[in-house]
Amino acid sequence: MTTLFISDLHLEESRPDITEAFLAFLKDKAMGVERLYILGDFFEAWIGDDERTPLQETVAAALKEVSETGTDIFLMHGNRDFLIGEDFCNRAGATLLDDPTVVDLYGTPTLLMHGDSLCTADVEYQKFRANMRNPQWQQMILARPLEDRQQMARQLREISMAKNQGKAETIMDVTPEEVVKEMEAHGVQRLIHGHTHRPAVHELQANGQDARRIVLGDWDQYVWWLEVEPGKEPELNKAPL
(Lines give C-alpha, C1' and ligand atoms only; values in the text may rest on other atoms or scores of the structure.)
Protein backbone atom coordinates (compact mmCIF):
# COMPACT_ATOMS: atom_id res chain seq x y z
CA MET A 1 0.00 0.00 0.00
CA THR A 2 1.30 3.41 -0.99
CA THR A 3 -0.12 6.94 -0.83
CA LEU A 4 1.39 9.76 -2.90
CA PHE A 5 1.16 13.52 -2.42
CA ILE A 6 1.97 16.23 -4.94
CA SER A 7 1.15 19.93 -5.31
CA ASP A 8 2.06 23.13 -7.13
CA LEU A 9 2.56 21.72 -10.61
CA HIS A 10 1.15 24.93 -12.12
CA LEU A 11 0.30 23.11 -15.34
CA GLU A 12 0.04 25.46 -18.33
CA GLU A 13 0.53 25.40 -22.08
CA SER A 14 3.80 27.37 -21.89
CA ARG A 15 5.46 24.62 -19.81
CA PRO A 16 5.01 21.39 -21.78
CA ASP A 17 8.02 19.97 -19.90
CA ILE A 18 6.01 19.96 -16.67
CA THR A 19 3.04 18.32 -18.36
CA GLU A 20 5.28 15.62 -19.83
CA ALA A 21 6.90 15.06 -16.42
CA PHE A 22 3.47 14.73 -14.80
CA LEU A 23 2.22 12.22 -17.36
CA ALA A 24 5.41 10.19 -16.86
CA PHE A 25 4.96 10.40 -13.07
CA LEU A 26 1.45 8.98 -13.37
CA LYS A 27 2.66 6.03 -15.43
CA ASP A 28 5.79 5.35 -13.37
CA LYS A 29 4.55 6.06 -9.83
CA ALA A 30 0.78 6.43 -9.54
CA MET A 31 -0.69 3.48 -11.42
CA GLY A 32 -2.25 1.09 -8.94
CA VAL A 33 -1.18 2.83 -5.73
CA GLU A 34 -3.80 3.19 -3.03
CA ARG A 35 -4.24 6.96 -3.12
CA LEU A 36 -2.97 10.05 -4.94
CA TYR A 37 -3.51 13.47 -3.35
CA ILE A 38 -3.02 16.67 -5.36
CA LEU A 39 -2.95 19.51 -2.83
CA GLY A 40 -3.69 22.57 -4.92
CA ASP A 41 -2.23 24.75 -7.68
CA PHE A 42 -2.43 21.74 -9.97
CA PHE A 43 -3.05 24.18 -12.82
CA GLU A 44 -1.55 27.64 -13.16
CA ALA A 45 -5.04 29.01 -13.75
CA TRP A 46 -8.59 27.65 -13.93
CA ILE A 47 -11.51 29.76 -15.09
CA GLY A 48 -14.22 27.12 -15.16
CA ASP A 49 -14.81 23.51 -16.17
CA ASP A 50 -16.37 24.71 -19.44
CA GLU A 51 -13.03 25.87 -20.90
CA ARG A 52 -11.75 22.36 -21.79
CA THR A 53 -8.43 23.12 -23.46
CA PRO A 54 -6.35 20.31 -25.04
CA LEU A 55 -4.06 20.42 -21.97
CA GLN A 56 -6.98 20.06 -19.57
CA GLU A 57 -8.49 17.21 -21.56
CA THR A 58 -5.15 15.39 -21.75
CA VAL A 59 -4.65 15.68 -18.00
CA ALA A 60 -8.21 14.58 -17.21
CA ALA A 61 -7.85 11.51 -19.44
CA ALA A 62 -4.51 10.59 -17.87
CA LEU A 63 -5.93 10.86 -14.35
CA LYS A 64 -8.96 8.81 -15.36
CA GLU A 65 -6.65 6.07 -16.60
CA VAL A 66 -4.90 6.03 -13.22
CA SER A 67 -8.22 5.92 -11.34
CA GLU A 68 -9.26 2.91 -13.40
CA THR A 69 -6.28 0.98 -12.01
CA GLY A 70 -7.89 1.28 -8.56
CA THR A 71 -6.10 4.40 -7.34
CA ASP A 72 -8.29 6.84 -5.41
CA ILE A 73 -7.48 10.37 -6.57
CA PHE A 74 -8.19 13.43 -4.42
CA LEU A 75 -7.88 17.03 -5.58
CA MET A 76 -7.72 20.11 -3.34
CA HIS A 77 -8.16 23.66 -4.55
CA GLY A 78 -5.16 25.98 -4.55
CA ASN A 79 -5.02 29.74 -4.92
CA ARG A 80 -4.61 29.39 -8.71
CA ASP A 81 -7.23 26.74 -9.52
CA PHE A 82 -9.97 27.28 -6.95
CA LEU A 83 -12.68 27.16 -9.64
CA ILE A 84 -12.08 23.50 -10.50
CA GLY A 85 -15.46 21.85 -10.19
CA GLU A 86 -17.25 18.53 -10.16
CA ASP A 87 -17.43 18.28 -13.94
CA PHE A 88 -13.65 18.18 -14.33
CA CYS A 89 -13.32 15.82 -11.37
CA ASN A 90 -15.86 13.44 -12.90
CA ARG A 91 -13.90 13.40 -16.16
CA ALA A 92 -10.67 12.82 -14.24
CA GLY A 93 -12.01 10.18 -11.85
CA ALA A 94 -11.08 12.42 -8.92
CA THR A 95 -12.79 13.59 -5.74
CA LEU A 96 -12.69 17.21 -4.56
CA LEU A 97 -11.25 17.59 -1.09
CA ASP A 98 -12.06 20.39 1.36
CA ASP A 99 -9.24 22.61 2.59
CA PRO A 100 -8.46 21.72 5.36
CA THR A 101 -9.16 17.98 5.65
CA VAL A 102 -7.96 15.39 8.17
CA VAL A 103 -7.29 11.89 6.82
CA ASP A 104 -6.24 8.66 8.51
CA LEU A 105 -2.86 7.96 6.92
CA TYR A 106 -2.10 4.36 7.91
CA GLY A 107 -3.02 4.98 11.52
CA THR A 108 -1.75 8.57 11.81
CA PRO A 109 -4.34 11.38 11.67
CA THR A 110 -2.88 13.84 9.16
CA LEU A 111 -4.03 17.36 8.34
CA LEU A 112 -3.99 18.22 4.64
CA MET A 113 -4.03 21.83 3.39
CA HIS A 114 -3.00 23.76 0.33
CA GLY A 115 -1.11 26.08 2.65
CA ASP A 116 -2.05 29.59 1.54
CA SER A 117 -4.37 30.10 4.51
CA LEU A 118 -1.33 29.62 6.80
CA CYS A 119 0.40 32.72 5.39
CA THR A 120 -1.45 35.13 7.67
CA ALA A 121 1.27 37.81 7.59
CA ASP A 122 0.15 38.60 4.04
CA VAL A 123 -2.98 40.45 5.14
CA GLU A 124 -3.75 41.80 1.66
CA TYR A 125 -3.71 38.32 0.16
CA GLN A 126 -5.89 36.85 2.92
CA LYS A 127 -8.58 39.43 2.15
CA PHE A 128 -8.36 38.51 -1.54
CA ARG A 129 -8.52 34.80 -0.65
CA ALA A 130 -11.68 35.31 1.39
CA ASN A 131 -13.35 36.89 -1.65
CA MET A 132 -12.16 34.14 -4.00
CA ARG A 133 -13.56 31.41 -1.77
CA ASN A 134 -16.97 33.10 -1.44
CA PRO A 135 -19.52 30.90 -3.28
CA GLN A 136 -21.54 33.92 -4.42
CA TRP A 137 -18.44 35.57 -5.91
CA GLN A 138 -17.53 32.34 -7.67
CA GLN A 139 -21.01 31.97 -9.15
CA MET A 140 -20.86 35.56 -10.39
CA ILE A 141 -17.50 34.94 -12.08
CA LEU A 142 -18.55 31.63 -13.66
CA ALA A 143 -21.65 33.32 -15.10
CA ARG A 144 -19.47 35.65 -17.20
CA PRO A 145 -18.56 34.75 -20.81
CA LEU A 146 -15.51 32.52 -21.24
CA GLU A 147 -13.50 35.24 -23.00
CA ASP A 148 -14.09 37.65 -20.12
CA ARG A 149 -12.85 35.05 -17.64
CA GLN A 150 -9.76 34.34 -19.74
CA GLN A 151 -8.90 38.04 -19.76
CA MET A 152 -9.54 38.30 -16.02
CA ALA A 153 -7.19 35.35 -15.34
CA ARG A 154 -4.40 37.03 -17.31
CA GLN A 155 -4.88 40.29 -15.42
CA LEU A 156 -4.94 38.59 -12.02
CA ARG A 157 -1.75 36.71 -12.83
CA GLU A 158 0.06 39.92 -13.86
CA ILE A 159 -1.09 41.69 -10.70
CA SER A 160 -0.07 38.76 -8.50
CA MET A 161 3.42 38.54 -10.02
CA ALA A 162 3.98 42.29 -9.63
CA LYS A 163 2.86 42.33 -6.00
CA ASN A 164 4.85 39.24 -5.01
CA GLN A 165 8.09 40.76 -6.31
CA GLY A 166 7.84 43.48 -3.71
CA LYS A 167 6.94 41.28 -0.73
CA ALA A 168 9.38 40.10 1.90
CA GLU A 169 10.12 36.37 1.92
CA THR A 170 8.80 36.02 5.47
CA ILE A 171 5.42 37.45 4.48
CA MET A 172 5.04 34.83 1.75
CA ASP A 173 5.86 31.92 4.08
CA VAL A 174 3.61 30.34 6.70
CA THR A 175 3.10 31.94 10.09
CA PRO A 176 4.48 29.43 12.66
CA GLU A 177 1.80 30.31 15.22
CA GLU A 178 -0.94 29.70 12.65
CA VAL A 179 0.52 26.26 11.88
CA VAL A 180 0.36 25.27 15.54
CA LYS A 181 -3.12 26.77 15.87
CA GLU A 182 -4.46 24.69 12.95
CA MET A 183 -2.79 21.48 14.10
CA GLU A 184 -4.15 21.88 17.62
CA ALA A 185 -7.62 22.80 16.35
CA HIS A 186 -7.69 19.52 14.42
CA GLY A 187 -5.90 17.47 17.09
CA VAL A 188 -3.10 16.21 14.83
CA GLN A 189 0.68 15.81 15.03
CA ARG A 190 1.27 15.81 11.29
CA LEU A 191 0.51 18.42 8.63
CA ILE A 192 1.13 18.12 4.88
CA HIS A 193 0.79 21.16 2.63
CA GLY A 194 2.16 22.94 -0.42
CA HIS A 195 1.87 26.52 -1.71
CA THR A 196 5.09 28.06 -0.34
CA HIS A 197 7.47 26.32 -2.77
CA ARG A 198 9.77 25.60 0.18
CA PRO A 199 9.94 21.77 0.31
CA ALA A 200 11.15 20.55 3.71
CA VAL A 201 10.25 18.55 6.81
CA HIS A 202 9.87 20.74 9.91
CA GLU A 203 9.89 19.48 13.50
CA LEU A 204 7.73 21.45 15.96
CA GLN A 205 5.57 21.21 19.05
CA ALA A 206 1.77 20.98 18.94
CA ASN A 207 -0.74 19.69 21.46
CA GLY A 208 2.17 19.48 23.92
CA GLN A 209 3.92 16.82 21.81
CA ASP A 210 6.44 16.46 19.01
CA ALA A 211 4.85 17.25 15.65
CA ARG A 212 5.89 17.41 12.03
CA ARG A 213 5.04 19.72 9.12
CA ILE A 214 5.86 18.38 5.66
CA VAL A 215 6.00 20.92 2.83
CA LEU A 216 5.64 19.69 -0.74
CA GLY A 217 7.76 21.18 -3.53
CA ASP A 218 6.71 22.97 -6.71
CA TRP A 219 7.33 21.44 -10.13
CA ASP A 220 9.62 23.99 -11.75
CA GLN A 221 13.11 22.51 -11.88
CA TYR A 222 12.30 19.25 -10.08
CA VAL A 223 9.50 16.72 -9.76
CA TRP A 224 8.57 16.60 -6.06
CA TRP A 225 6.44 13.97 -4.37
CA LEU A 226 5.80 12.61 -0.90
CA GLU A 227 5.53 8.84 -0.56
CA VAL A 228 3.86 7.25 2.46
CA GLU A 229 3.69 3.53 3.24
CA PRO A 230 2.39 1.70 6.33
CA GLY A 231 4.95 1.43 9.11
CA LYS A 232 7.43 3.77 7.42
CA GLU A 233 8.30 7.44 7.81
CA PRO A 234 6.94 9.64 4.98
CA GLU A 235 9.62 10.16 2.33
CA LEU A 236 9.93 13.48 0.48
CA ASN A 237 11.42 12.79 -2.95
CA LYS A 238 12.65 14.84 -5.90
CA ALA A 239 13.91 14.08 -9.40
CA PRO A 240 15.08 16.37 -12.22
CA LEU A 241 12.16 17.65 -14.25
Side-chain angles (χ1 to χ4, degrees), residues 1-11 18-19 21-44 59 62-63 66-67 69-82 84 89 92-119 173-174 179 182-183 186 188-204 211-241:
M1 292 189 294
T2 302
T3 296
L4 302 174
F5 294 86
I6 57 175
S7 73
D8 299 278
L9 281 70
H10 296 273
L11 295 174
I18 299 178
T19 303
F22 173 63
L23 297 178
F25 174 83
L26 291 183
K27 288 185 178 180
D28 297 341
K29 300 288 185 182
M31 292 285 190
V33 302
E34 187 174 4
R35 287 171 285 181
L36 169 65
Y37 288 93
I38 306 171
L39 299 186
D41 283 0
F42 185 30
F43 290 90
E44 174 65 11
V59 170
L63 286 173
V66 172
S67 74
T69 68
T71 300
D72 292 326
I73 301 173
F74 299 92
L75 181 62
M76 182 178 284
H77 288 142
N79 52 296
R80 300 280 186 177
D81 52 12
F82 55 89
I84 289 177
C89 287
T95 301
L96 271 179
L97 205 61
D98 290 336
D99 180 5
T101 287
V102 175
V103 298
D104 183 347
L105 198 52
Y106 306 120
T108 300
T110 302
L111 177 62
L112 307 181
M113 307 178 73
H114 173 56
D116 57 334
S117 63
L118 298 170
C119 304
D173 202 357
V174 302
V179 169
E182 284 290 335
M183 294 182 75
H186 292 89
V188 300
Q189 303 307 117
R190 182 196 287 158
L191 164 64
I192 300 172
H193 72 83
H195 178 67
T196 63
H197 299 190
R198 293 171 169 86
V201 178
H202 300 273
E203 306 291 340
L204 64 144
R212 181 171 290 180
R213 175 171 69 95
I214 304 173
V215 187
L216 305 173
D218 64 301
W219 289 36
D220 182 20
Q221 298 180 11
Y222 295 96
V223 171
W224 286 94
W225 74 97
L226 180 71
E227 193 165 322
V228 185
E229 297 180 0
K232 296 182 180 180
E233 287 296 318
E235 183 178 355
L236 189 59
N237 301 279
K238 73 173 181 178
L241 191 60

Side-chain heavy-atom pair R212, E203 within 4.5 angstrom cut-off: yes
For L241 against A21, the heavy-atom pair lying closest together: CD1-CB, 3.5 Å
Distance, nearest 0.5 Å, that separates CG of L11 from CH2 of W219: 8.5 Å
Whether H10 and H197 hold their rings parallel, tilted or perpendicular, with breakpoints at 30° and 60°: perpendicular
Shortest non-hydrogen separation from A30 to L4 and the atoms involved: CA-CD1, 3.9 Å
Flag if over 12 foreign heavy atoms under 6.0 Å of CG, D98: no
Derivation of the side-chain contact (heavy atoms from CB on, under 4.5 Å) call for M1 and T3: CA-CA 7 Å; M1 292 189 294; T3 296; over 6 Å; no
R35 NZ/CZ over Y106 ring centroid, <6.0 Å and within 45° of normal: yes
Close side-chain approach of Y37 and V103, heavy atoms under 4.5 Å: yes
Aromatic plane relationship, Y222 with W224 - under 30° parallel, 30 to 60° tilted, over 60° perpendicular: perpendicular
Pairwise distance CE(M183) to CG(L111) - rounded to 0.5 angstrom: 7.0 Å
Whether D41 side chain and N79 backbone form a donor-acceptor pair below 3.5 Å: yes
Shortest non-hydrogen contact from T71 toward L36: CG2-N, 3.9 Å
Separation between NZ of K232 and OG1 of T2, rounded to the nearest 0.5 Å: 8.0 Å
Test item: D81 side-chain N/O and F42 main-chain N/O as donor-acceptor pair under 3.5 Å: yes
Atom pair CH2 (W225) and CG (L236), whose distance is rounded to the nearest 0.5 Å: 9.5 Å
H114 and its side-chain hydrogen bond (donor to acceptor under 3.5 Å, both in side chains) partner, picked from H193, R80, H77, H195: H195
For the student: nearest non-hydrogen atoms of F5 and L112, plus distance: CE2-CD2, 3.6 Å
Flag side-chain contact, heavy atom, 4.5 Å: R190 against P234: yes
Between OG1 on residue T69 and NZ on residue K27, distance to nearest 0.5 Å: 13.0 Å
Shortest non-hydrogen contact between P109 and V102, atoms and distance: CB-CG1, 4.3 Å
Shortest non-hydrogen contact from L96 toward C89: CG-SG, 3.5 Å
Side-chain heavy-atom pair L118, M113 within 4.5 angstrom cut-off: yes
Spacing of D8 atom CG and I38 atom CD1 [to the nearest 0.5 Å]: 11.5 Å
Criterion side-chain contact (heavy atoms from CB on, under 4.5 Å) on I192 and T110, from CA distance to verdict: CA-CA 7 Å; I192 300 172; T110 302; 3.7 Å; yes
